[in-house]
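Throughout, protein chains are lettered first and strands after them, A, B, ... in sequence-line order, and every chain is numbered starting at 1. Keep in mind that this is a model prediction, so the values were computed, not measured.
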Number of protein chains: 2
Amino acid sequence: MKHRPTIRDVARKAGLSLSTVSLVINNRGHVSPGTRESVQKVVRELSYHPTRSARGLASKTSGNIGFILSEEHFSQAEPFYTRIFLGTEFEAREHNYYILLTTVGNQFDPEVYVPRFLLERNVDGIIIAGKVNEKLISHIDSLGLPIVLVDFEIKRAHHSAVLIDNWRGATLAVEHLLALGHKKIAFVGGDIRHPSITDRYEAYHNTLHMAGVFLEESYEVTDEEETSVEGGTSAAERLFASGAKPTAIFAANDAMAIGCIRHLKSRGLRIPEDVAIVGFDDIEISSHIEPHITTIRVLKEEMGKIAVQRVVDSINAKTKIVVTTHVPVELIVRESTVALAHVED
Amino acid sequence: MKHRPTIRDVARKAGLSLSTVSLVINNRGHVSPGTRESVQKVVRELSYHPTRSARGLASKTSGNIGFILSEEHFSQAEPFYTRIFLGTEFEAREHNYYILLTTVGNQFDPEVYVPRFLLERNVDGIIIAGKVNEKLISHIDSLGLPIVLVDFEIKRAHHSAVLIDNWRGATLAVEHLLALGHKKIAFVGGDIRHPSITDRYEAYHNTLHMAGVFLEESYEVTDEEETSVEGGTSAAERLFASGAKPTAIFAANDAMAIGCIRHLKSRGLRIPEDVAIVGFDDIEISSHIEPHITTIRVLKEEMGKIAVQRVVDSINAKTKIVVTTHVPVELIVRESTVALAHVED
DNA sequence: GTGAAAGCGCTAACAT
DNA sequence: ATGTTAGCGCTTTCAC
């Protein structure tokens, strides 16, 4: 293991100064083509590569992007945010960044705990996926780091965000059910403070009203703790216990849809004949479960990619512009929905 | 955004030298308890935190662990290796490391492409998941970096490895089928050069022989290109085309098992009544698909965790010890296997 | 047990 | 367009 060449070695061998070599390597400044060439030649000959730490120390950049996820989302290894994360990994490489992942609890107190990469000045920008404590966001903001939110937004503060077109997705879902003749369409949701869930719920409501359908409150379950499979099971149970007789259910996400299916099956109800179900997210399992779930496809990897592009843009930009991107959604019709057999109004 | 305190500020305020402060921070050397205390007090008061780049430059460490995955595994976002990766992320945080992910193609030529974190001296150790080009491994080895292989091993070279107990897993699977009365147990696999697949195949073979069951070659499909769902479909097709009449199939992994199920269904065969199926890996979908698949559970997150522990041990160790860990497996009986109805020998 | 001094390898003004 | 000069903030001998 002999000594790795340093920029010094390159400069010496090329008969130039350190700064000129640095300029060439970083593709900056006005260097004459000839000089550039000869530096590149020496770089190749010595197979020189700059050391990240040294660059970092001198330039106060790390070459890393921090990815922050709530503990719950991570420990559940939830397929939704995992996909977004993998999307960022993919795109980061294109921009010569690495992603540093960390999780945070619901509480945030800078006195108690701050993500290590923030303390160590080890990231140049931050991507936050899903709902996190707003104090954390403003803390990062005060550090002067570019922030991009994914599947989350804050009304008051202005931050770049990559969002799902939840309104359109939910509208598509409900219109699909309406078109199949359903009227008694229940909504099943939870974690209603999450902007995505709120939007889905409101669009559901709005679409029904626009179609002249007005249902009792018992057709809406919005207060589940978690938008998980268990939450879905529990919500479906309460739905029927409340006396509602839906012919279709729009679930806030696929996990809850799966929970609903589980409960309905246990009740002896057939899907979609007795109750049709539409989910949201199009997580992988949805196309494997029985019946395959009709859902709204969300381009999760794509969201991660866009987030990286935004944060890289912000890092390179001098002025901080806020960009909000709504990623399109698509209705995927599978087996869990079918036309209403007989109108039973 | 005022100036962040440096180690200099701490030293000054504590009335000590830089080196003493450094020793305290790194919990090294013989520092008197009193001195230690007072440094820690000042550190707290200034809320000082060392900068990663500066440490890196001075100490030639990065605080990162590289995770290398083959492109195929990553782009398929294969749930198996993704889980292992998430396991490493989890454990890395415990040890104050970050994981840097990269993918590599099947070919490796150091002249053409070397993972960037290697060139930039941006990792202190490497975890390699799944099969990769051996030249890459020896290249990393020549860099003097600790290596831990996960779900892969090289007979010749000695490297620490975290392996699945494939032999035991496959034995459990086949014994389960034998116990249910099956004798015509087919094997469906691919990518047979992968040590894990080889082991599973050999254990299958061995278990049958030990039980006095000898089948024609047509009961074995080992030459599929990929151990994917598609590979499974294709393998099942060829299995039946070859004239084999299995009452049970042991698939090299769950993905292939799913492919088999798909093909058998399309043939009008019922599972498990007509053909029983056992998979391997216990990926998430396996418990959602119809029928829920009987499989061998592999602790994927656990494998990632152990890999991080090993690599961290290696980083801290002066002498390089090679440790091979076989992670235990477990038979998970679900719906895809059932006792053979009538013996049809 | 503590301090002084010398870098680690690079970038970034500022000159020229 | 290229060179000179300072560091960036930390660790690490080596004295004392």
Measure CG/A:Asn26 against P/C:dA13 and give the value in whole Å, please. 13 Å
On a plain distance test, is the side chain of A:Thr35 in donor-acceptor contact with the base of D:dT2 below 3.5 Å? no
Given DNA chain C, 5'-ward residue of the pair B:Pro33 and A:Ala58, judged by closest heavy atom: B:Pro33
Does C:dG3 have OP1 or OP2 under 4.0 Å away from a side-chain N or O of B:Ser17? yes
Enter the distance from B:Phe152:CZ to B:Ile128:CD1 here, rounded to the nearest 0.5 Å. 8.5 Å
Report yes if a side-chain nitrogen or oxygen of A:Arg28 is closer than 4.0 Å to either non-bridging phosphate oxygen (OP1 or OP2) of C:dA12; otherwise report no. yes
Nearest whole Å is fine: how far is C:dC8 P from A:Arg4 CZ? 16 Å
Checking all strands, does A:Ser59 fall into the base, sugar-phosphate, or nothing category for heavy-atom contacts under 4.0 angstrom? sugar-phosphate
Establish, with yes or no, whether the OP1 or OP2 oxygen of D:dC10 is under 4.0 angstrom from a side-chain nitrogen or oxygen of B:Ser53. no
B:His194 (side chain) donor-acceptor with B:Ser196 (main chain) under 3.5 angstrom: yes
B:Leu46 has an atom CG; how far is it from atom C1' of D:dG9, in whole Å? 15 Å
note: B:Asn122, atom CG; C:dG9, atom P; distance rounded to Å ~ 15 Å
Residue closer to the 5' end of DNA chain C, B:Arg36 versus A:Ser22 (nearest nucleotide): B:Arg36
Return the value, rounded to whole Å, for the distance between atom CZ of B:Arg12 and atom C1' of D:dG9. 13 Å
Spacing of A:Leu57 atom CG relative to C:dG9 atom C1', expressed in whole Å: 9 Å
Any side-chain N or O of A:Arg55 less than 4.0 Å from the OP1 or OP2 oxygen of C:dT11? yes
Determine the contact category for A:Leu16: base if any of its heavy atoms lies under 4.0 Å from a base atom, sugar-phosphate if only primed atoms, P, OP1 or OP2 are that close, otherwise nothing. sugar-phosphate
So, is B:Ser32 close to the C:dT2 phosphate, meaning a side-chain N or O under 4.0 Å from OP1 or OP2? yes
In whole angstroms, how far is the C1' atom of D:dC8 from the CG atom of A:Leu18? 15 Å
Using heavy-atom distances to pick each residue's nearest nucleotide on DNA chain D, tell me which of A:His30 and B:Leu23 is more 5'. A:His30
Is it the case that the side chain of A:Tyr98 and the backbone of B:Asn122 share a donor-acceptor pair, with hydrogens and angles ignored and the cut-off at 3.5 Å? no
Between CZ of A:Arg8 and P of C:dC8 the distance, given in whole Å, is 8 Å
Under a 3.5 Å cutoff, is there a donor and acceptor pairing between the side chains of A:Arg310 and A:Thr324? no
Closest non-hydrogen atom pair between A:Lys305 and A:Glu91, with its separation: O-CG, 3.6 Å
Going from CD1 on B:Ile68 to CG on B:Leu149, what distance comes out if it is rounded to the nearest 0.5 angstrom? 10.0 Å
Could you tell me whether the phosphate oxygens of C:dG3, OP1 or OP2, come under 4.0 Å of any side-chain nitrogen or oxygen in B:Thr20? yes
Would you tell me if any nitrogen or oxygen in the side chain of A:Lys60 comes within less than 4.0 Å of OP1 or OP2 on D:dG9? yes
